[in-house]
Number of protein chains: 2
Amino acid sequence: MADVAAMAGVSAMTVSRVLRDPNCVTPETLRRIEAAIDATGYVPNRIAGSLASRRTDIVGLIVPSLRNSLFAETIKGVSDILGSEHHLMIADSGYTLKGEEVAIRAFLGQRICGIILHNTKHSPRSRVMLQEAGIPCIETGNLIRQPIDMTVGFSNHDAACTMTEHLLGRGYRHIGFVSLPTKDNDRAAERKAGYLTALARAGVSANPALVLESPPGLKSGGQALVRLVETAPEVDAVFLSGDVLATGALLEANRRGWDVPGRIAIAGSDDNELQECVSPPLTTLRFPRYEIGRRAAGMLLDRLSGRSTGPAILDLGYEIIERSST
Amino acid sequence: MADVAAMAGVSAMTVSRVLRDPNCVTPETLRRIEAAIDATGYVPNRIAGSLASRRTDIVGLIVPSLRNSLFAETIKGVSDILGSEHHLMIADSGYTLKGEEVAIRAFLGQRICGIILHNTKHSPRSRVMLQEAGIPCIETGNLIRQPIDMTVGFSNHDAACTMTEHLLGRGYRHIGFVSLPTKDNDRAAERKAGYLTALARAGVSANPALVLESPPGLKSGGQALVRLVETAPEVDAVFLSGDVLATGALLEANRRGWDVPGRIAIAGSDDNELQECVSPPLTTLRFPRYEIGRRAAGMLLDRLSGRSTGPAILDLGYEIIERSST
DNA sequence: AGTCGCCACGTTAGCGCGAACGTAATACAG
DNA sequence: CTGTATTACGTTCGCGCTAACGTGGCGACT
């Protein structure tokens with residue numbers, strides 16, 4: 001920076017100012033400084049700037065998995081809103097609370113200016129670190145009542161409940177439920193609870209044989225369907241609540257020639273283009289994942305710029321998309 | 001850090017040393033320092049550390065889109081190899097060279113210790129900045145002969161050529177080709193070139209009516225198929241080389257009752273579980289995207305640790321997965 | 001004319017850490 | 001016992017920048 005300042009005939013301080021606000025100097029000075037920056041190929045050292053100002057423009061984001069396209073939607077939403085003023089540091093927790101804690105510690109070491117978590121369940125140490133860090137923290141995903149700071153998401157419980165009620169409304173009485181493993185996964189656990197709530201409200205007794213947990217994946221969804229039909233032949237509908245499980249189940253039903261929804265109705269979650277294009281198109285829940293990313297980033301920026309203070313809980317809801325698979 | 005040092009009865013320097021190498025002090029000193037860190041909740045300031053040491057442990061990664069699950073594979077590969085010693089800063093270029101340049105400039109300002117690009121075509125300024133930055137730079141994706149520094153990927157040209165030759169070998173002579181828009185996308189352009197190479201080698205004249213560009217998406221793939229069949233009814237096979245285009249085309253063929261491969265054969269690229277689960281399962285190209293991420297990160301770490309020097313070009317190849325859609 | 005305020009810019013003093021170097025204490029050979 | 005090596009730790013200084021405050025020059029008031 002000293003080089004640039006010397007070449008432009010000003011002090012380093014003026015160069016520093018120009019980099020943050022080009023309009024705070026006379027046009028002539030600005031021109032000389034910009035010319036000097038161009039000539040030297042100077043790239044400001046944000047490390048030094050961050051140390052001196054005790055601020056960074058880095059937002060930390062922790063997702064359970066970088067591979068899952070569901071989370072990619074949220075990441076994209078965050079990235080689109082952050083813009084060029086802020087940078088994004090991403091880590092994955094590997095779906096574990098310990099992994100999340102490690103990532104949080106690393107991020108705090110980098111003195112990130114805010115953090116977005118794709119999880120609302122945390123280790124005690126994680127909670128303490130975040131509370132004491134004094135930075136905005138947004139938890140996204142499953143809505144909770146007591147966020148560390150702010151949260152944006154939807155109710156997995158209510159969504160699963162609504163879908164189950166939809167199936168009940170269509171006259172199905174032996175409704176299977178398949179979810180991802182509920183351990184350490186508050187979202188999956190909430191959905192199972194929602195399913196059970198709907199059955200209870202309708203006075204339909206829950207049949208444990210109709211409830212399965214299944215790893216993620218298309219094949220896994222197909223296997224779950226087959227297992228349900230074989231062990232509980234009375235099953236007349238199934239709600240597969242995780243990722244692509246429902247699509248896998250539908251494709252498997254097609255292969256085996258099982259009529260959908262004649263033999264068995266299939267409902268899914270996390271609507272995407274694929275679920276609309278298969279035959280028959282799938283009834284699914286649609287979650288505003290991209291919007292969650294955008295709003296989370298927006299809440300973070302509002303807090304950083306002082307436009308908002310205090311905690312916030314934002315429910316973006318969900319939609320049920322009724323198609324011909326149910 | 002001064003607090004911790006005072007509490008442990010040592011100098012700040014000793015604390016600093018312990019944080020980098022716990023074994024460089026006596027066990028008793030280590031114990032006292034660790035106890036003090038625990039008691040104070042001290043989180044080392046990596047910003048200050050980076051400024052003093054003029055190094056960071058942040059790796060920059062630029063992908064065309066954060067939303068696309070193809071890139072998610074590579075991101076995951078990078079993330080898995082980097083481990084907890086290095087951190088990942090991610091930006092998307094929005095598929096534009098200008099976007100990439102902006103991200104590169106921002107990353108260099110953060111003094112990243114290395115960079116991985118998911119693109120092998122860059123703006124002139126980008127190339128200059130990267131060459132002068134003096135950090136390891138890995139270009140992934142389409143293999144090129146003159147990398148800025150190092151590259152790992154596969155030949156899109158050869159892959160598309162192989163797939164086209166596969167179709168020719170099955171006796172198809174009116175082979176359509178659909179790709180993503182080739183502008184600013186070296187990968188799509190290379191694939192189109194590979195398709196044309198295979199036709200030329202086989203002495204089959206290329207028919208411009210059989211070559212389409214199409215935006216990404218399942219529906220878009222279906223539309224491309226329909227357009228091809230309607231405008232050039234003699235078409236007997238089609239190779240859709242982008243993302244989920246082929247799956248969309250197959251689902252559309254199913255809906256319209258067109259026999260695959262009887263009426264028209266369909267081949268795709270970027271194999272995934274979905275393409276195996278549809279009926280009929282799709283013949284596709286399989287690219288080692290996860291492995292590319294792993295190897296790219298590995299090459300970066302090797303360079304940083306001094307285990308390797310100089311440029312490198314790593315071809316991870318591709319596979320053709322022959323299934324019943326062709 | 002005085003002075004008040006404002007603008008454009010300079011000066012000073014760190015931010016929290018690590019590289020380089022220094023020092024004291026112990027080990028061991030000759 | 002001296003000399004040298006080695007280990008364990010301390011001191012000094014500066015990384016490149018910015019917050020806070022200082023200064024001089026100019027126009028607009030009373």
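Heavy-atom basis, side chains included; hydrogens, waters and symmetry copies ignored. Remember, predicted model here, so these are calculated numbers, not experimental data. Convention: sequence-line order gives letters A, B, ...; per-chain numbering from 1.
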Value rounded to 0.5 Å, distance of CZ in B/Arg17 from CD1 in B/Ile33 = 9.5 Å
message = What I want to find out is whether A/Arg307 reaches A/Asp302 closely enough, with some N-O distance under 4.0 Å, to be called a salt bridge.
response = yes
query = Can you tell me how far CE of B/Met89 sits from CG of A/Leu88, rounded to the nearest 0.5 angstrom?
reply = 8.5 Å
Single hit among B/Thr120, B/Leu143, B/Asn142 for side-chain contact (heavy atoms from CB on, under 4.5 Å) with B/Glu190 = B/Asn142
remark   = Min and max contacting nt of DNA chain C in 5' to 3' order, chain A heavy atoms within under 4.0 angstrom, are C/dA8 to C/dG16
remark   = Per nearest nucleotide of DNA chain D, the residue lying toward the 5' end, B/Arg54 or B/Thr14, is B/Thr14
message = For A/Arg289, is there any backbone N or O sitting under 3.5 Å from a side-chain donor or acceptor partner on A/Thr74?
response = yes
query = If you measure only the distance, is there a donor-acceptor pair under 3.5 Å linking the side chains of B/Thr29 and B/Thr26?
reply = yes
ask   = Whole-Å distance between D/dG16 P and B/Leu108 CG?
value = 16 Å
message = Strictly below 4.0 Å, N to O, side chains only: are A/Asp92 and A/Arg67 in salt-bridge contact?
response = no
task = For B/Phe154, check ring pair (Phe, Tyr, Trp, His ring centres under 6.0 Å) against everything at least two apart and list the hits.
result = B/Phe287
Identify each atom pair where a protein N or O and an N or O of nucleotides 17-20 of chain D are less than 3.5 Å apart, giving names and distance.
from	atom 1	to	atom 2	distance (Å)
D/dC17	OP1	A/Tyr42	OH	2.4
D/dC17	OP1	A/Asn45	N	3.1
D/dC17	OP2	A/Met1	N	3.4
D/dT18	OP2	A/Ser16	OG	2.1
D/dT18	O5'	A/Ser16	OG	3.4
D/dA19	OP1	A/Arg55	NH2	3.4
D/dA19	OP2	A/Arg20	NH1	2.5

query = Whole-Å distance between D/dG16 P and A/Leu51 CG?
reply = 12 Å
